[in-house]
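Indexing begins at 1, ligand by ligand and atom by atom, following the structure's order. Index from 1, following the sequence. Note that these values count all heavy atoms, side chains included, but never hydrogens, waters or copies made by symmetry.
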Amino acid sequence: MKNLVILGGGYGGMKILNELLPNHLPEDVTITLVDRVPYHCLKTEYYALAAGTISDKEVRVSFPEHPRLMIKYGEVTGIDAANHQIIMDNAEPIVYDDVVIGLGCEDKYHNVPGAAEFTYSIQSIGKARRTYSVLNNLGSGSVVGIVGAGLSGVELASELSESREDLQIKLFDRGNHILSAFPERLSKYVENWFVRHNVEIINQSNITKVEEGRLFNNEKPIECDVIVWTAGIQANKIVRQMDGEKDRLGRLVVTPHHHLPNDEHVFIVGDCASSPNAPSAQLAEGQAEQIVEVLRKRWNGEPLPATFPTIKLKGVLGSLGKKQGFGMMADRAITGRVARILKSGILWMYKYHNG
Ligand SMILES: Cc1cc2nc3c(=O)[nH]c(=O)nc-3n(C[C@H](O)[C@H](O)[C@H](O)COP(=O)(O)OP(=O)(O)OC[C@H]3O[C@@H](n4cnc5c(N)ncnc54)[C@H](O)[C@@H]3O)c2cc1C
């Protein structure tokens, strides 16, 4: 029997499982899925989990069941590619014939002193739960500083402001306008929403230091009861520690067949894989589909295409609380209720197909 090991049951790992099970797994192949969490987590909804507007259960999806799928729950600590082994914390190494690394990403603190120690995070389920706990225990009038006004910072700030009107929320943004990756019209729409909902946007900010209960913006101290960091991500530490060429987010550079250039048995998916595109769940799923094609062709002894078509991304949608949203679909900016309904619909479909 050959063993395909999937590290991480996130969007990439789950897509590989769903493509191979139940009908496309050859009789002589088993799959071992490894994750520290005993269910697939909907990371795109962590902003709402942290804000306390959805329950924990709403971000969990059960892993599939199959006679040749083994699931190991635990912490991956390293990859010994020379011996085809996954190193685990407090467990025997797992031997693989092929491995897909889909361990997601972590916060990037840009060497800001105190940021790792004194800020909260929404980059893993455990961290999002801690953020939920601290945010929801705040008393009236407390100050919440959110550092970073990209998609996740904006979604968290809006969700929190809508559900806790009694908090003072400060959104720290590096640029002249929030959501710098989006057209200016869209950024202005979102800024106006924040003005109406009493969220203070602090543009051209540069957080130079963080201490307990305080951050320094352009060296000026600002007292905050809770600080949440949404100002950058990088590939999972396991991947950053591996040999091989990496991009500026620590993501490993791969071949057109999504494996390491010097090892055709180590595939990389999602936020761990270098790509010209920004990391996203959609991208992870597109890469996963192509990895499955490579594996299936190899297992069947068929030749591989030299390259795959470019992965088509449908666009980006963000929420502004429960009723409004914004996004880019087919290169067109959309705002308001329609954007929010579309976002909810996509989540519903995802849960329907994976539940
Ligand atoms: C608030 C927020 C909103 C977002 N909104 C969108 C959106 O609207 N659309 C979109 O496309 N993308 C969105 N994203 C990005 C998207 O969530 C990620 O790009 C996507 O989750 C990446 O998928 P992945 O499979 O690479 O990793 P993940 O989905 O992060 O899965 C990684 C898995 O690895 C496991 N793991 C990690 N380390 C270890 C370890 N050492 N040992 C064992 N297990 C481990 C984790 O438990 C997890 O199950 C959003 C992200 C955030 C934070």
Put together the list of close N/O pairs, under 3.5 Å, between ligand 1 and the protein, could you?
{"unit_1": "ligand 1", "atom_1": "8 (O)", "unit_2": "Lys343", "atom_2": "NZ", "d": "3.4"}
{"unit_1": "ligand 1", "atom_1": "11 (O)", "unit_2": "Ala281", "atom_2": "N", "d": "2.9"}
{"unit_1": "ligand 1", "atom_1": "11 (O)", "unit_2": "Gln282", "atom_2": "N", "d": "3.3"}
{"unit_1": "ligand 1", "atom_1": "12 (N)", "unit_2": "Ala281", "atom_2": "N", "d": "3.2"}
{"unit_1": "ligand 1", "atom_1": "19 (O)", "unit_2": "Asp271", "atom_2": "OD1", "d": "2.9"}
{"unit_1": "ligand 1", "atom_1": "19 (O)", "unit_2": "Asp271", "atom_2": "OD2", "d": "3.3"}
{"unit_1": "ligand 1", "atom_1": "19 (O)", "unit_2": "Ser280", "atom_2": "N", "d": "3.4"}
{"unit_1": "ligand 1", "atom_1": "19 (O)", "unit_2": "Ala281", "atom_2": "N", "d": "3.4"}
{"unit_1": "ligand 1", "atom_1": "25 (O)", "unit_2": "Tyr11", "atom_2": "N", "d": "3.1"}
{"unit_1": "ligand 1", "atom_1": "25 (O)", "unit_2": "Gly12", "atom_2": "N", "d": "2.8"}
{"unit_1": "ligand 1", "atom_1": "26 (O)", "unit_2": "Asp271", "atom_2": "N", "d": "2.9"}
{"unit_1": "ligand 1", "atom_1": "29 (O)", "unit_2": "Tyr11", "atom_2": "N", "d": "3.3"}
{"unit_1": "ligand 1", "atom_1": "38 (N)", "unit_2": "Arg36", "atom_2": "NH2", "d": "3.3"}
{"unit_1": "ligand 1", "atom_1": "38 (N)", "unit_2": "Asn236", "atom_2": "ND2", "d": "3.0"}
{"unit_1": "ligand 1", "atom_1": "41 (N)", "unit_2": "Glu75", "atom_2": "OE2", "d": "3.1"}
{"unit_1": "ligand 1", "atom_1": "41 (N)", "unit_2": "Val76", "atom_2": "O", "d": "3.1"}
{"unit_1": "ligand 1", "atom_1": "42 (N)", "unit_2": "Val76", "atom_2": "N", "d": "2.9"}
{"unit_1": "ligand 1", "atom_1": "44 (N)", "unit_2": "Arg36", "atom_2": "N", "d": "3.2"}
{"unit_1": "ligand 1", "atom_1": "47 (O)", "unit_2": "Asp35", "atom_2": "OD1", "d": "2.6"}
{"unit_1": "ligand 1", "atom_1": "49 (O)", "unit_2": "Asp35", "atom_2": "OD1", "d": "3.4"}
{"unit_1": "ligand 1", "atom_1": "49 (O)", "unit_2": "Asp35", "atom_2": "OD2", "d": "2.6"}

[X] side chain vs [Y] backbone, donor-acceptor pair below 3.5 Å:
X	Y	answer
Asn300	Glu302	no
Gln234	Leu249	no
Asp173	Asn203	no

- Item | Remaining members of hydrophobic cluster (4.5 Å side-chain criterion), Val210 |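 Hydrophobic cluster check, Val210: joined to Tyr109, Val112, Phe118, Val147, Phe172, Ile202, Ile207, Leu215, Ile222, Ile227, Trp229.
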- Query: Can you name the residues that form a ring pair (Phe, Tyr, Trp, His ring centres under 6.0 Å) with Tyr350, not counting sequence neighbours?
  - Reply: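 Partners of Tyr350 under the ring pair (Phe, Tyr, Trp, His ring centres under 6.0 Å) test: Tyr11, His40.
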- Message: Can you pull out every side chain to side chain donor-acceptor pair (under 3.5 Å) where at least one residue sits in residues 82-95? Sequence neighbours excluded, please.
- Response: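 Of all non-adjacent pairs touching residues 82-95, those that pass side chain to side chain donor-acceptor pair (under 3.5 Å) are Asp80-Asn83.
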